[in-house]
Amino acid sequence: MLQKRRRRSGFTLVEILIVVGILAILAAAVVPALMGADVKAKIKLAESQIGRSGIIANALKQYRLDVGIYPETDDGLEALYTRPSSIDEDSKKWKGPYLEGKLEELRDPWGGAYIYECPGKYNEDGFDLSSKGPDMEEDTDDDIKNWTED
């Protein structure tokens, strides 16, 4: 009698190890590239918020159009949410809030507060607005700011 040989369906251990090895090589090439992408995205987000046409910069410009001046350093970015004490309550100048939400929500992508100064040290006719950047330390190379230093 002829015995039928049974063929096994499935993959051998060698085939599985080859596939796992290929996947490991691909992961080793892709993961490092993706690791830096989140930092770059956060930097771009901060730049878009404080840049010349960013949401915070535009709110400050609208404040200036309404009130006549930018908020002083002491009033800070809070002036975009609540009327500064220097502006009379009966005055129709302040037409805020100029940003939605709460001041506590106005954070850079790393959770730090934006740094506002007016008159600016670098933008003497305007304001300086910056973020401490990824390292969360002020006056380092990774700071994001609305001015360029020569």
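All residue numbers in this chain count up from 1 along the given sequence. None of these values were measured; they are calculated from a predicted model.
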Worksheet item: Parallel, tilted or perpendicular: which describes the rings of W147 and Y122, with under 30° parallel and over 60° perpendicular?
Response: parallel
Worksheet, complete the sentence: Taking every heavy atom of I50 against every heavy atom of S130, the minimum-distance pair comes out as CD1-CA, 3.9 Å
Worksheet entry | Backbone N/O of R52 and side chain of K61: donor-acceptor pair under 3.5 Å | yes
Worksheet item: Okay, side chain of N146, backbone of L129: is any donor-acceptor separation there less than 3.5 Å?
Response: yes
Worksheet entry | hydrophobic_cluster_shared for F11 and V20, side chain cutoff 4.5 Å | yes
Item to complete: Over all heavy atoms of both residues, which pair between Y98 and K95 is shortest? Give the atoms and the distance, please.
Response: OH-N, 2.9 Å
Worksheet item: Taking atom CD1 of I43 and atom OG of S48, what is their separation to the nearest 0.5 Å?
Response: 12.0 Å
Worksheet item: Below 4.5 Å, heavy atoms only, C-beta onward: do Y81 and L106 meet side chain to side chain?
Response: yes
Discussion item. So, taking the atom named CD1 in I87 and the one named CD1 in I69, what distance separates them when rounded to the nearest 0.5 Å?
Written reply: 7.0 Å
Practice prompt. Give the minimum heavy-atom separation between E124 and P119, together with the two atoms involved.
Written response: O-CB, 4.0 Å
Worksheet item: About how many Å separate CD1 of I115 and CG of D108, when rounded to the nearest 0.5 Å?
Response: 8.5 Å
Item to complete: Show your working on side chain to side chain contact (heavy atoms under 4.5 Å, CB included) between L77 and L60 and close with a plain yes or no.
Response: CA-CA 8 Å; L77 297 176; L60 287 163; 4.2 Å; yes
Worksheet, complete the sentence: Residues G126 and Y70: closest non-hydrogen pair is CA-CE1, 3.7 Å
Worksheet item: Stepwise, does the side chain to side chain contact (heavy atoms under 4.5 Å, CB included) test hold for E138 with K132?
Response: CA-CA 5 Å; E138 199 169 349; K132 294 177 184 176; 4.2 Å; yes
Worksheet item: Is Y114 linked to L45 within one hydrophobic cluster, defined over Ile, Leu, Val, Met, Phe, Trp and Tyr using a side-chain heavy-atom separation of less than 4.5 Å?
Response: no
Worksheet, complete the sentence: Output for pair (I18 CD1, L23 CG), nearest 0.5 Å, gives 12.0 Å
Worksheet item: Can you find a pair of side-chain heavy atoms, one from P71 and one from F127, that are under 4.5 Å apart?
Response: no
Worksheet entry | E72, CD atom: more than 12 neighbouring heavy atoms under 6.0 Å | no
Discussion item. Working to the nearest 0.5 angstrom, can you tell me the gap between R83 CZ and E78 CD?
Written reply: 13.5 Å
Item to complete: Report the C-alpha distance between Q62 and N58 in whole Å, list the side-chain angles of each, state the deciding distance to 0.1 Å, and finish with yes or no for side chain to side chain donor-acceptor pair (under 3.5 Å).
Response: CA-CA 6 Å; Q62 186 61 49; N58 283 339; over 6 Å; no
Worksheet item: Nearest heavy-atom pair of A79 and W94: which atoms, and what distance?
Response: O-NE1, 3.0 Å
Worksheet item: In terms of heavy-atom contacts, does CG of D125 have more than 12 from other residues, nucleotides or ligands at under 6.0 Å?
Response: no
Response to the item:
Shortest non-hydrogen pair, L80 vs A59, comes out as CD2-O, 3.7 Å
Worksheet entry | Residues, nucleotides or ligands: over 12 heavy atoms within 6.0 Å of E15 CD | yes
Worksheet item: Does some side-chain heavy atom of Y63 sit less than 4.5 Å from a side-chain heavy atom of P84?
Response: yes
Discussion item. With side chain to side chain contact (heavy atoms under 4.5 Å, CB included) as the criterion, how do D66 and K93 come out once you've worked through the C-alpha distance, each side chain's angles and the decisive distance to 0.1 Å?
Written reply: CA-CA 5 Å; D66 293 345; K93 288 182 176 181; 5.7 Å; no
Worksheet item: If you round to the nearest 0.5 Å, how far is CG of L17 from CD1 of I22?
Response: 11.5 Å
